[in-house]
Undergrad: 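Below is one structure. I have some questions about it.
Naming convention: chains lettered A, B, ... in sequence-line order (proteins, then strands); numbering from 1 in each chain.
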There are 2 protein chains.
Amino acid sequence: MAIPRAARTQRRTRIQGEKEEQILEAALDVFSVSGFRGSTIDQIAEVAGMSKPNLLYYFRTKEAMHRALIDRVLFTWLEPLRAFDAEGNPESEIRSYIRRKLEMARDFPRESRLFANEVLQGAPHIEDELKGPLKQLVDEKAEVIRAWARAGKIAKCDPYHLIFSIWSTTQHYADFDVQVRAVLGQGQAGEGRFEDAARFLEQLFIDGLTIRPSQPTS
Amino acid sequence: MAIPRAARTQRRTRIQGEKEEQILEAALDVFSVSGFRGSTIDQIAEVAGMSKPNLLYYFRTKEAMHRALIDRVLFTWLEPLRAFDAEGNPESEIRSYIRRKLEMARDFPRESRLFANEVLQGAPHIEDELKGPLKQLVDEKAEVIRAWARAGKIAKCDPYHLIFSIWSTTQHYADFDVQVRAVLGQGQAGEGRFEDAARFLEQLFIDGLTIRPSQPTS
DNA sequence: TGTAATGTTTACCAATCGGTCAAATTATCT
DNA sequence: AGATAATTTGACCGATTGGTAAACATTACA
């Protein structure tokens, strides 16, 4: 008889690692498109290429699968913000933060959509992570930005809304990909759109945050 | 016996108007949170305070309800962009576009989330609207912006990505409301957060788009 | 008021949902 | 090889899903 799954933390077989990986990969496919409520275990099982009871052998419930997925992805997702360096040059830090976030939107759109779906639907499963670790990290980095502004290195601005605007503009290209493609048109959109976006956003944020010698009267 | 619903377009009773309104209101509540797949007719029926078969008397299918909702909301949603005036002053046009979009995020968050859910999930029901009317409108306004840049009224920039960035930053406050609240904290967040956002975004976009006399070397 | 059209509800359906169970199969270790 | 533990699956369960049928109630209008 199989060992109860709760006790499985002791030894991990080769198969366990492989299959759990395979399942989470499939779950990411499904959850990122349909959200938690809209996704079914059967869908995930089909994508994963295994039977439903087999999935439930590795993850007892649909919620456990979603949970494991979120936990694994959340850490990586905050990496760019964590790399934000207080000692660095403000302009290049902001510039490379935008680049990194945009690269993640390009290379890991499913992960972005997974969070977007979750937050959009009221974040019923990750409220604690948002109010805890996320808030803490943002608070910390906001203080860095505020210090830069106080030191006259960048224009005075609300650091929280600055972070929000970088999040939203970059993730937009993952979360609203269909819309972006539709508006740009299939033709010229190609793959240059991330390069174009990077150029635009860097210009916007750098010029928007540089202290300007004189305020032109319009 | 009831008239087949297909033929109901002829005469509309008082009750039809009221009930359809009531249903769409409830549907907005539910669809905007759970998306199409994640929402159930029973949920909507409960919110609407009527029985499930009664809903299905007015809208034959769940899809028809969603469809009607999207159609009604889409027009209003694009109003601010439509108001974008080629003859106006660039700075004040952009400023008031941001304001308008931010007001909509504040006053109609459900509508924003309805679209966000739909687009996020691949826009299976509104692909035509995106590629048709939406693209057309954006193309038109992008040309206005490009003309402003050519005339030296604003800095040169990709007009499409400018529009995308205004969309994403403003709608962020509706779509990711939970996250924004979590990060800002319940205490000081209050209701001033839309005012703060407006201030920040206006500064960002206006300063980011103003032509600067000299590029400071950092 | 009567009656035909409109509106509402109860009971129900087949399909799908998340999840269980026990039996069958495979991997691991001696 | 054989025993034991780990893995996989088909059959199944009760609850929920989108949707229907038909009886019942209400409204509008002559």
Undergrad: Please say whether the positively charged group of B:Arg82, taken as NZ for Lys or CZ for Arg, lies over the ring of B:Phe75, i.e. under 6.0 angstrom from the six-membered ring centre and within 45 degrees of the axis.
TA: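 Yes, B:Arg82 and B:Phe75 form such a contact.
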
Undergrad: Whole angstroms only, please: what is the CZ-P distance between B:Arg67 and D:dG18?
TA: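 Spelled out: CZ on B:Arg67 to P on D:dG18 is 19 Å.
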
Undergrad: Does C:dT8 have OP1 or OP2 sitting under 4.0 Å from an N or O in the side chain of B:Tyr57?
TA: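 No.
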
Undergrad: Send over the distance from A:Ile41 CD1 to D:dT17 P, rounded to a whole Å.
TA: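 Distance, rounded to whole Å: 15 Å.
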
Undergrad: Measure CD/B:Glu46 against P/D:dT16 and give the value in whole Å, please.
TA: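 Rounded to the whole Å, the gap is 12 Å.
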
Undergrad: Report yes if at least one side-chain N or O of B:Tyr58 is closer than 4.0 Å to OP1 or OP2 of C:dT8; otherwise report no.
TA: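 Yes.
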
Undergrad: May I ask you to check whether B:His161 and A:Tyr173 place their ring centers less than 6.0 Å from one another?
TA: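 Yes - the distance between ring centres of B:His161 and A:Tyr173 falls below the 6.0 Å cut-off.
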
Undergrad: Determine: side-chain N/O of B:Lys19 to OP1/OP2 of C:dT8, distance under 4.0 Å, yes or no.
TA: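 Yes, within the criterion.
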
Undergrad: Hey, is the side chain of A:Thr40 poking within less than 4.0 Å of OP1 or OP2 on C:dC17, counting only N and O atoms?
TA: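 For C:dC17, OP1 or OP2 has a side-chain N or O of A:Thr40 closer than 4.0 Å.
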
Undergrad: Between B:Asn54 (CG) and D:dA22 (P), how many Å, whole number?
TA: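 About 19 Å, once rounded to whole Å.
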
Undergrad: Provide, to the nearest angstrom, the distance between the CD atom belonging to A:Glu63 and the P atom belonging to C:dG19.
TA: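 In whole Å, C:dG19 P lies 8 Å from A:Glu63 CD.
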
Undergrad: Can you sort out the partners of B:Ser32 under side-chain hydrogen bond (donor to acceptor under 3.5 Å, both in side chains), two or more places apart, ordered by chain and number?
TA: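 Not a single residue meets the side-chain hydrogen bond (donor to acceptor under 3.5 Å, both in side chains) criterion with B:Ser32.
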
Undergrad: Rounding to a whole Å, what distance do you find between A:Leu56:CG and C:dC21:C1'?
TA: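 From A:Leu56 CG to C:dC21 C1': 12 Å.
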
Undergrad: What class does the angle between the rings of A:Tyr97 and A:Phe84 fall in, given that below 30° is parallel, 30 to 60° is tilted and above 60° is perpendicular?
TA: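 It falls in the perpendicular class, over 60°.
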
Undergrad: Nearest whole angstrom, please: distance from the P of C:dT26 to the CD of A:Glu18.
TA: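 Rounded to whole Å, this separation is 17 Å.
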
Undergrad: Is the phosphate of D:dT7 approached by A:Gln16 (side-chain N or O, under 4.0 Å from OP1 or OP2)?
TA: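 Answer yes for this pair, as a side-chain N or O of A:Gln16 is under 4.0 Å from OP1 or OP2.
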
Undergrad: Tell me every residue that passes side-chain contact (heavy atoms from CB on, under 4.5 Å) with A:Thr61, counting only those two or more places apart in sequence or in another chain.
TA: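 Only A:Glu63, A:Ala64 meet the side-chain contact (heavy atoms from CB on, under 4.5 Å) criterion with A:Thr61.
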
Undergrad: Please state whether the phosphate of D:dT8, meaning OP1 or OP2, lies under 4.0 angstrom from any side-chain nitrogen or oxygen of A:Ser51.
TA: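 No.
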
Undergrad: Of all the nucleotides listed (C:dG18, D:dT17, C:dC21), which has the minimum atom distance to the side chain of B:Asp42?
TA: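 Of all the options, the side chain of B:Asp42 is nearest to D:dT17.
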
Undergrad: Is A:Asp196 salt-bridged to A:Arg199, going by a charged N under 4.0 Å from an acidic O?
TA: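 Yes.
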
Undergrad: Is it true that B:Lys131 and B:Glu127 make a salt bridge, defined as a side-chain N closer than 4.0 Å to a carboxylate O?
TA: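 Yes, this pair counts.
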
Undergrad: In residues 24-39 of chain B, what residues come within less than 4.0 Å of DNA chain C, judged by heavy atoms?
TA: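 Nothing qualifies; none.
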
Undergrad: If I take atom NZ in residue B:Lys52 and atom P in nucleotide C:dC13, what distance separates them, rounded to the nearest angstrom?
TA: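 Rounded to whole Å, this separation is 14 Å.
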
